[in-house]
Amino acid sequence: MNRDITEFVASTGRKPEEWAPDWEARWNIKPTNRVPVLVDSPKDRQLRFERAHWSLIPPWSDSRRLKFPTFNARSESVTEKATWKKPVKSTRAIIPASGYFEWTGEKGSKQPWWIHPDGGTLGLAGLYSWWADREMAEDDPDRWVLTATILTMPTVEPLAEIHDRNPMPLPESMWEQWLDPTIVGDRDLVDEAVHAARAEAEQLAFHKVAPFKLNDDGPQLIAPA
């Protein structure tokens with residue numbers, strides 16, 4: 001199972017001298033919230049933790065609000081669709097997580113599940129893109145927004161009773177390869193990542209948790225129901 005992702009970064013030796021992950025514990029992160037992402041900077045080849053807007057906004061978009069959801073990207077079409085084609089080639093990310101929620105059942109009586117590794121950290125395969133907010137001045141430091149998405153794949157058998165798809169948890173042995181901007185992200189790389197993620201996802205544990213509201217947060221959300 002994967003180590004804590006900060007231990008992985010430290011072991012590579014490829015980090016800025018005054019490096020430290022800038023995050024706080026969250027138990028209920030929603031699309032458009034900011035999420036921690038690990039990227040391999042193409043400028044200096046340092047591994048960096050950044051915070052990203054969780055819903056990728058392509059550079060050509062005139063608006064932060066898109067007509068279609070972009071917090072997830074289907075692995076089957078990620079090398080073909082305009083929104084994903086460029087970032088999958090060289091701006092790939094790892095989104096660290098201790099687990100994630102899925103919901104089952106009918107509206108009004110949905111049951112949440114907490115899906116997680118048995119120790120260690122999930123390193124979810126993701127993509128990132130910088131987007132310029134054209135409504136802001138060119139010298140405004142908030143003009144450029146880092147945005148990200150999480151790749152998904154058809155589910156593995158242990159999780160099939162909960163959902164027909166799941167995020168792609170990459171094994172630690174593939175993290176550097178996925179992040180490396182000098183490796184062109186093509187169909188072969190994505191297929192290799194899906195294959196590796198399937199084996200990783202088959203090891204995940206899961207249990208029911210108590211229903212919670214949209215803005216609830218805290219460790220009680222992952223306690224077994």
Side-chain angles (χ1 to χ4, degrees), residues 1-12 21 23 25-31 35-40 47 49 54 71-78 88 92-105 110-128 148-180 183 185 187-210 212 218-225:
M1 185 53 66
N2 300 328
R3 290 175 289 177
D4 181 274
I5 201 162
T6 57
E7 295 176 3
F8 160 75
V9 174
S11 72
T12 67
W23 60 39
R26 294 285 305 278
W27 286 266
N28 183 18
I29 300 177
K30 303 173 285 296
V35 293
V37 297
L38 179 64
V39 301
D40 188 339
L47 293 179
F49 279 112
W54 181 20
F71 55 89
N72 284 341
R74 295 174 70 93
S75 58
E76 297 93 321
S77 57
V78 75
V88 78
R92 299 178 298 273
I94 296 289
I95 290 86
S98 55
Y100 64 95
F101 295 106
E102 291 288 7
W103 296 69
T104 57
K110 284 186 173 293
Q111 171 65 58
W113 297 76
W114 173 241
I115 304 170
H116 60 96
D118 186 15
T121 302
L122 290 177
L124 303 177
L127 310 174
Y128 73 91
T149 189
I150 296 173
L151 268 66
T152 67
M153 65 184 188
T155 195
V156 296
E157 185 57 36
L159 302 176
E161 64 180 271
I162 299 175
H163 204 280
D164 62 352
R165 299 190 67 80
N166 56 259
M168 288 173 50
L170 296 180
E172 184 181 325
S173 59
M174 196 175 179
W175 287 356
E176 285 201 74
Q177 179 185 5
W178 182 257
L179 291 169
D180 191 340
I183 296 176
R187 187 70 255 168
D188 287 343
L189 178 64
V190 174
D191 288 345
E192 181 182 354
V194 170
H195 178 75
R198 289 187 65 82
E200 198 75 5
E202 287 172 352
Q203 302 177 51
L204 297 179
F206 53 92
H207 59 256
K208 293 180 180 179
V209 297
F212 54 87
Q220 74 280 2
L221 299 188
I222 65 174

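Sequence positions, counted from 1, serve as the residue numbers for this chain.
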Separation of [Y] [atom2] from [X] [atom1] (nearest 0.5 Å):
X	Y	atom1	atom2	result
Met153	Asp164	CE	CG	12.0 Å
Phe212	Asn28	CZ	CG	5.0 Å
Leu47	Thr12	CG	OG1	4.5 Å

Closest non-hydrogen contact found for Ser75 with Val190 is O-CG1, 3.7 Å
Between Ala193 and Leu170, the two heavy atoms sitting closest are O-CD2, 3.7 Å
More than 12 heavy atoms from other groups under 6.0 Å of NZ on Lys110
yes
Open item on the list: Within a 6.0 Å radius of atom NE2 on His207, are there more than 12 heavy atoms belonging to other residues, nucleotides or ligands?
Closed with: yes
Donor-acceptor contact below 3.5 Å, side chain [X] vs main chain [Y]:
X	Y	value
Trp178	Gly126	yes
Arg92	Val88	yes
Gln111	Val209	yes
Thr152	Asn166	no
Thr121	Ser98	no
Arg26	Gly218	no

Practice problem: Side-chain contact test, heavy atoms from C-beta onward, threshold under 4.5 Å: evaluate it for Glu76 versus Pro154 and give yes or no. | Solution: yes
Taken in chain and number order and not counting sequence neighbours, the residues that satisfy side-chain hydrogen bond (donor to acceptor under 3.5 Å, both in side chains) with Glu7 are none
Given the options Ile95, Val37, Ile150, Trp54 meets side chain to side chain contact (heavy atoms under 4.5 Å, CB included) only with Ile150
Test ring pair (Phe, Tyr, Trp, His ring centres under 6.0 Å), reference Phe101, set Trp113, Trp114, Trp27, output is Trp114
